[in-house]
2 protein chains.
Amino acid sequence: MLTVSTVNVNGLRAAAKKGFVEWLGETGADIICMQETRAEPEQLTAEVREPEGWHTNLAPSSAKGRSGVAIYSRAEPQAVRVGFGSSEFDDSGRYLEADFAGLTVASLYLPSGEVGTDRQDEKERFMKEFGEYLAGLRERATSQGREVLVCGDWNIAHQEADLKNWKANRKNAGFLPEERSWMTDVLNGGYVDVVRSLHPEGPGPYSWWSYRGKAFDNDSGWRIDYHFATPGLADRATSAVVERAPTYAERWSDHAPVTVTYAR
Amino acid sequence: MLTVSTVNVNGLRAAAKKGFVEWLGETGADIICMQETRAEPEQLTAEVREPEGWHTNLAPSSAKGRSGVAIYSRAEPQAVRVGFGSSEFDDSGRYLEADFAGLTVASLYLPSGEVGTDRQDEKERFMKEFGEYLAGLRERATSQGREVLVCGDWNIAHQEADLKNWKANRKNAGFLPEERSWMTDVLNGGYVDVVRSLHPEGPGPYSWWSYRGKAFDNDSGWRIDYHFATPGLADRATSAVVERAPTYAERWSDHAPVTVTYAR
DNA sequence: CTTGGTAGG
DNA sequence: CCTATCAAG
């Protein structure tokens, strides 16, 4: 059994003060993919930087306080790689890969974008480049008998069931037709949306609720945090849960951990 | 009887959330001079912007979130003037005057400075220009049978008794020889340091304690908030108190109100 | 250590 | 609404 969690922590330092440390102590996960750590390793306290029983690998952004991904694992990875071979994005704290026995796990933080801004252009450039990388990654892995699991915050809701208010969001970044069809292409290229595969019925489960307004209390969420796995691994998924906090006050991020257990 | 308080609120919005509103409701002051309001009037809630029973006059800085002075009074001022005729400083939220019957009250926020920086040069320019203004103000007022009271954060400790650790601060902004002698010149020009006059024995009473370290708990403070009054008014001062909060947690600013009662 | 602005989400 | 950086104090 292998349990993998992915969670956008929205600032690891802030999360640590609000309950992340307790969650880390109690989780049954073997591997945790984090996004938006928003910190240099040196800025973290020891209990977050080097928690007992964990191997930690962090890929901060070259822009201080922005983005940043990490992979924490109980077993030591055989290898770790930062970035996906992109001159534009490799130092932006958006992609980190770790190899374990027969399995490559990645932590992804796809740019969030906003229609009509430079950041949407950036998101599109990332999607194009990263989509090509994903295809190659799957091919190499498959030919080596290795499975691939790309976890993270993709900042795209794929289908209507993946966000509470899809009609109002058809022209908003995160649910644009071109973003959705890009994600369809990724899936058609040999990846499985593990949570949706185990829970074919929507709506949800959502993994992100805006801090604005009453989004959390109204469960006005989006499912933008995914496990995308090669089919051999996806077939071994036995359970998937979104660890939504019971109350607003108990949250330590605007995202909830998405946790999947895979049979060995 | 006329009671006048002066207090650097260190952000009126922050202070309002921490106890300023309660203090305003309980104070016996007739006039309050404030410094570092750090807000546009429109950014304030109604209970702070227009508290019942008060006439409020604010002089924000043209630089958002910086400086800003105000005068709140139970009686409506006969006239209010922003600035002291300085092209450099009049829109910087550092000086506001209000006329009452036979009395001009001013709220001053003198630049704070730091040795070896541009901001110390700015402080020195302000001191020079403002010192000349003060002399003229006193002359005009006296010739009209009017008293003057300049309250505020002068960002200078005058004498050794005016700060806890004067020896260590002889080369620091706020206790430099040139700043101290400038203040002596102001006093020799016809103003009285009212609190020191009522409390000739130091050390203290301090009116500011840094948020850094344990300054408040150790009473490692500075007396930099003053009532400078023309002699006729200073002679009528009957009591002076610094309203130091009982505990760190009860503070709503790093400064405490300096409150003086004047006989009629 | 604290405030408020600002960028980013 | 929340997390950061930054300038200022």
Side-chain angles (χ1 to χ4, degrees), chain A residues 8-18 20 35-40 43-44 60-68 92-94 109-115 117-120 122-123 153 155 172-174 208-217 220 222 224 248-249 251-255, chain B residues 8-18 20 35-40 43-44 60-68 92-94 109-115 117-120 122-123 153 155 172-174 208-217 220 222 224 248-249 251-255:
Chain A
N8 178 318
V9 296
N10 190 26
L12 190 45
R13 283 170 287 178
K17 290 180 190 157
K18 296 193 287 185
F20 169 81
Q35 302 84 39
E36 282 207 270
T37 51
R38 302 179 70 169
E40 312 286 323
Q43 297 175 307
L44 300 173
S61 168
S62 58
K64 279 186 77 177
R66 301 278 175 77
S67 305
S92 70
R94 294 191 177 275
Y109 177 47
L110 202 141
S112 76
E114 189 175 344
V115 171
T117 69
D118 288 352
R119 296 212 314 287
Q120 187 64 21
E122 184 193 334
K123 183 175 186 176
D153 178 357
N155 268 313
N172 289 142
W208 172 76
W209 304 263
S210 171
Y211 275 127
R212 300 172 214 188
K214 303 197 198 318
F216 185 81
D217 292 334
S220 182
W222 295 50
I224 57 180
Y248 188 101
R251 293 205 291 172
W252 41 266
S253 171
D254 48 350
H255 295 248
Chain B
N8 178 318
V9 297
N10 190 27
L12 190 44
R13 283 170 286 178
K17 290 180 189 155
K18 296 192 288 184
F20 169 81
Q35 301 85 39
E36 282 208 270
T37 50
R38 303 179 68 172
E40 311 285 323
Q43 297 175 306
L44 300 172
S61 168
S62 58
K64 281 186 75 176
R66 300 279 176 77
S67 304
S92 69
R94 294 193 176 273
Y109 177 47
L110 202 140
S112 76
E114 189 175 344
V115 171
T117 69
D118 288 352
R119 297 211 316 286
Q120 187 65 22
E122 184 193 334
K123 182 175 186 177
D153 177 357
N155 268 313
N172 289 141
W208 173 75
W209 303 263
S210 171
Y211 276 128
R212 299 171 215 189
K214 303 199 196 320
F216 185 82
D217 292 334
S220 181
W222 295 50
I224 56 179
Y248 188 102
R251 294 204 291 173
W252 39 266
S253 170
D254 48 350
H255 295 248

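From a predicted model like this one, the values you see are computed outputs, not experimental measurements. In what follows, chains are A, B, ... by sequence order, proteins preceding strands, each numbered from 1.
In this structure a side-chain-to-backbone donor-acceptor pair under 3.5 Å is present from B:Q120 to B:E114. A:T37 contributes a side-chain N or O that, together with a main-chain N or O of A:G68, makes up a donor-acceptor pair within less than 3.5 Å. Listed for the B:R66 side chain is no donor-acceptor partner under 3.5 Å among the backbone atoms of B:S92.
Taking every side-chain heavy atom of B:K64 into account, C:dT6 is the closest of D:dT5, C:dC1, C:dT6. Taking the side chain of A:A14 as heavy atoms from C-beta on, and the options D:dA4, D:dG9, C:dT3, the nearest nucleotide is D:dA4. The side chain of B:Y211 sits closest to C:dC1 out of D:dC2, C:dA7, C:dC1.
With hydrogens and angles ignored, no donor-acceptor pair closer than 3.5 Å exists between the side chain of B:R38 and the base of C:dG5.
Here B:Y248 lies in heavy-atom contact (under 4.0 Å) with sugar-phosphate atoms only. B:E36 comes within 4.0 angstrom of sugar-phosphate atoms only, judged by non-hydrogen atoms across all strands, and of no base. Contacts of A:K214 with the nucleic acid, taken as non-hydrogen atoms under 4.0 Å apart, are absent. Within the 4.0 angstrom heavy-atom criterion, no nucleotide atom of any strand lies near A:Q35. Backbone-only engagement by A:Q43 is indicated by non-hydrogen atom pairs under 4.0 Å involving sugar-phosphate atoms exclusively.
The shortest distance between the side-chain N/O atoms of B:R66 and the OP1/OP2 oxygens of C:dG5 is not below 4.0 Å. Between D:dC1 and A:S210, no contact under 4.0 Å exists linking OP1 or OP2 to a side-chain N or O. Residue B:R13 places at least one side-chain N or O closer than 4.0 Å to OP1 or OP2 of C:dG5. Phosphate contact (OP1/OP2 of D:dT3, side-chain N/O of A:K18, threshold under 4.0 Å): present.
The separation between B:W252 atom CH2 and C:dC1 atom C1' is 18 Å, rounded to whole Å. Per the geometry, CG belonging to A:L12 stands 12 Å off P belonging to D:dT5, to the nearest Å. As rounded to whole Å, 15 Å separates atom P of C:dT3 from atom CG of B:L44. Here the P atom of nucleotide D:dG9 and the CG atom of B:D118 are 12 Å apart, to the nearest Å. The separation between A:K17 atom NZ and D:dA4 atom C1' is 11 Å, rounded to whole Å. A:R251 has its CZ atom 12 Å from the P atom of D:dC1, to the nearest Å. Going from atom CD of B:E122 over to atom C1' of D:dA7 covers 13 Å, rounded to whole Å. Rounded to a whole Å, the CH2 atom of B:W208 is 13 Å from the P atom of C:dT2.
A heavy-atom distance below 4.5 Å is found between the side chains of B:R38 and B:N10.
Annotation for B:D254 and B:Y211: closest pair N-OH, 3.2 Å, computed over non-hydrogen atoms. When all heavy atoms are compared, the tightest approach of B:A39 to B:L44 is CB-CD2, 3.9 Å.
The residue among A:A15 and B:Y109 whose nearest nucleotide of DNA chain D lies closer to the 5′ end is A:A15.
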